[in-house]
Amino acid sequence: MANVEHGGRAGGAFGAGAGAGAAESAKARLRTIRIGLWLIAAVLAVRQVAVVLSTPKGERLTDLETWVGPEGVLHVKGSLYDSTQFTGTPFGGLVLKPLTRAAEQGLGWGWTFGSLSLVVALGVVAARALPQPVSRRTSLLAAPVAISLLMLSLPVRNALYLGQTSIIPVLLVLLACFTVRGERASGVLIGLAAALQPTVLLFAPLLWFTGRRRAAVSGALTFVACTALAWAAMPHDSHTYWVHHLAGVGLGRDADDLTNQSLHGALLRLGLNGPLEIGLFLLLGAGVAVLGLRRAVRYAKDGQLLLAVAITGCVAVAVSPTTWQHQLLWVLLALVGRVGRKASDRAMWPVAVVLVMTLPAKMMLPNMAAVYPLRDNVVLLAALAAVTVVPFLSRTSEYYRAPIPTDYAEPVPTRWKRVPLLPFLRRVRTRPNLLLELLLIRVGYSAYQQVRLAATGGTNAGGRATAEHHGDQILSIERLLHLDIEHWANHAVFKVEWLRDFFDFYYESFHFVVPLTVLALLYTRRPGDYRWARSALGFATLLALVGFWLYPLAPPRLMPGLGVIDTVHGVQDFSKPDYGTLTALTNQYAAMPSLHFGWSLWCGLVIAILAPKWWMKALGLLHPLFTVSAIVATGNHWVLDAVGGAAVVAAGFGLTYLLQGPRPRPLTRAVEGGAKVPAQASGSPVASPGAGLADSPEGGPAGSAAGSRPGRQGSAAGSPEGRRTDSPADSPADSPAGRTAG
């Protein structure tokens, strides 16, 4: 494993075939990107240090308080584990205690900057360990990207904030596998890492079965020697750790704590305990270890040594009795594996790993009791997936270096030379990865909820005075324009029970159901249009968040003295300071602009543009009409809120047009009788008349007819990635006979 080929060699002449000027321009762009990425890494590092050092002394580096606090190791002559929250190994206590005593006064600064240096070293080593072949661009950009991801990850943030040593074992293993020359030296480093984090000893079998037997033996002997030394110096603490802790009891925190992302912690959280839980943990742990190490050995022999190390580390995460959050860096390393035959699927696994390792679990899955078992163990599930089921590609696979290319639409000419502003965001004809879309939609909605809540200081009632003042402003403007119909509409509807119930139901139910249904239909039937519509919706929502932040606004139902009845939530007691806190999920003062109306208008416009029948278009436009009636009649929005919602939707479509260009439109082909029908990709039969939002060749026999095994040229008719559902009318030259994948 020490003879790995390091990244950094050029994968070929950069810019080969281009002129000298083009080559220099490409190098300048690459240099600019690299400098920018290093600046981002530096900013993230400074931010992490600032967060740690700006936190009050009693709240930061709390794990170091186990050393230097009033009851810390330095001031207590008894057991490490009886008197503190120390959870490390006895060897860790033996080694670090004298070092800590020598640096007690400057420990906070020294430890923080020392840990930061370890993170930088870890990122550099990981970047150089990427499996060959590696392009010049990747080799130059990998290090700052790796360091930035590490800085953002929850394990590193916890290690820096708490003062943990969990970065050291990971770095020692990477140095042993990719930097140090000589099997004995590699084994010594892994043995030291195992003495600090015992499950790292699982790297010994990996070394043994990949032909590095001398390193495996050296690592095992080093681990035994370090552990024996600590046992001789601290027998009571060693007994506490190796007997009490490894029995699954846990140190410092209960073993069923949510931060314990191991199989043992998951089984305890599921309600299992006693002999049944222990037996099941041992059985599952043995199965995961055997399967994971077999996969790690296979990928190591395949030349993907960093992936093999990551898989082995994920095994260590799963089978340890306790794996606290700061010990989960191994999972982040697993993103180096390549998954998917299509180029459009390659981002799924890395994005999922990055999100799991950088965001709180509650942002990954909704706050529903049914998904608590998944949410509470999301990092463990990612580790288990890497160990057991994720189909990482072998380097011998034809798709490893040359995945099935993405089928891009040709650029559509526009009257403005600067449109699109971002020409690299080319229109893709095929549907995106479903899991990736669902994941990003969920994370995006969680971020949307957090921003809405943060707009009033983190509490629903935090911006009451400002929101009510803005409400008075909106009411004054509406009276000037003679649009102040909220009170009249609210009381008129309230008097008619069936109408009140209808609008209440419409307000509560259709806000999410209709947009998700439209997105689902577009995804399955019109993937090219799905990307266009989804981008417009995303831009509109981002602009709305800016409005929520800059202009907190109380809706009519939360305006004291206005007399508007809250038909959905019931009568509010305006004498209570927190009367607007109707739910813990959202900010009640995020009324301007109205996304209830904005999203419904987006649905109506998309249906009106894409639906093939006039009655479908009309039905789609009824949705925003019913929505604006519901939001006003129930007292949840002002009329001007709907105007604001329409404005952000218009801006969303406009930004999509400016950044990506016009929406690719289907080609039409004349048939007998003068009728026109959508044309298909080359080699596909002509679609039947009337094909539209509900009919697409990708969803029917025509799509499957094009599903022959892909050629390496990625033609539209020859690969699943190139199946056409939305042929663009780009230019006369873009004929079905001559079109290939972009």
Side-chain angles (χ1 to χ4, degrees), residues 31-65 103 106-127 140-168 170-171 174 259 324-333 335 350-364 378-379 440 443-444 446-458 542 545-546 549-550:
R31 189 181 307 111
T32 301
I33 294 173
R34 189 185 185 194
I35 293 173
L37 290 174
W38 276 113
L39 287 175
I40 292 174
V43 169
L44 291 174
V46 171
R47 181 183 179 276
Q48 293 300 333
V49 172
V51 168
V52 173
L53 297 181
S54 63
T55 304
K57 186 175 181 181
E59 300 177 13
R60 62 181 168 90
L61 302 175
T62 53
D63 283 9
L64 290 184
E65 287 296 310
L107 185 59
W109 287 83
W111 193 275
T112 300
F113 284 101
S115 299
L116 194 67
S117 301
L118 295 178
V119 173
V120 173
L122 182 61
V124 172
V125 174
L140 291 176
L141 304 183
V145 171
I147 294 171
S148 297
L149 290 177
L150 287 169
M151 291 295 178
L152 289 171
S153 67
L154 291 173
V156 167
R157 282 152 54 189
N158 273 271
L160 289 173
Y161 185 77
L162 299 176
Q164 281 288 347
T165 61
S166 55
I167 301 172
I168 298 176
V170 181
L171 180 58
L174 292 186
T259 55
W324 306 119
Q325 192 173 63
H326 55 270
Q327 299 170 326
L328 299 172
L329 267 179
W330 302 108
V331 183
L332 185 61
L333 297 178
L335 63 82
V351 169
V353 172
V354 170
L355 292 178
V356 166
M357 297 304 295
T358 57
L359 298 178
K362 63 182 179 181
M363 292 190 67
M364 305 297 299
V378 64
V379 180
L440 293 178
V443 172
S446 296
Y448 159 76
Q449 289 178 306
Q450 295 298 319
V451 171
R452 282 188 58 156
L453 195 59
T456 54
L542 287 176
L545 289 179
V546 175
W549 189 278
L550 298 178

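Hydrogens, waters and symmetry mates are skipped; everything else that's a heavy atom, side chains included, is used. No experiment lies behind these values; they were computed from the predicted model shown.
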> Measure the spacing between CZ of R157 and CZ of R47 and express it to the nearest 0.5 Å.
7.0 Å

> For residues S115 and I167, report the shortest heavy-atom separation together with the two atoms involved.
O-CD1, 4.1 Å

> Roughly how far, to the nearest 0.5 Å, is the CG atom of L174 from the CG atom of L333?
6.0 Å

> Just jot down the side chain to side chain donor-acceptor pair (under 3.5 Å) partners of S117, sequence neighbours excluded, or say none.
none

> Which distance, rounded to the nearest 0.5 Å, do you find between the OG1 of T358 and the CG of L332?
8.5 Å

> Would you please name every residue forming a side-chain contact (heavy atoms from CB on, under 4.5 Å) with V378, sequence neighbours left out?
V356, A361

> Do you know the tightest heavy-atom contact between V353 and V331?
CG1-O, 3.5 Å

> To the closest 0.5 Å, what do you measure between OG1 (T259) and CD (Q325)?
7.0 Å

> Do V546 and L542 come within less than 4.5 Å of each other through their side chains, counting heavy atoms only?
no

> Mind checking side-chain contact (heavy atoms from CB on, under 4.5 Å) for L39 and listing every partner two or more places apart, or none if nothing turns up?
I35

> Hey, which of V119, V170, L171 is the one that makes side chain to side chain contact (heavy atoms under 4.5 Å, CB included) with L329?
V170

> Can you give the donor-acceptor pairs under 3.5 Å from side chains of residues 143-154 to other protein atoms, not counting sequence neighbours?
{"from": "S148", "atom 1": "OG", "to": "P144", "atom 2": "O", "distance (Å)": "2.8"}
{"from": "S153", "atom 1": "OG", "to": "L150", "atom 2": "O", "distance (Å)": "2.7"}

> Can you name the side-chain contact (heavy atoms from CB on, under 4.5 Å) partners of L141, sequence neighbours left out?
L30, I33, R34, L37, R137

> Would you say that Q327 contacts P155 through its side chain, given a criterion of any heavy-atom pair below 4.5 Å between the two side chains?
no

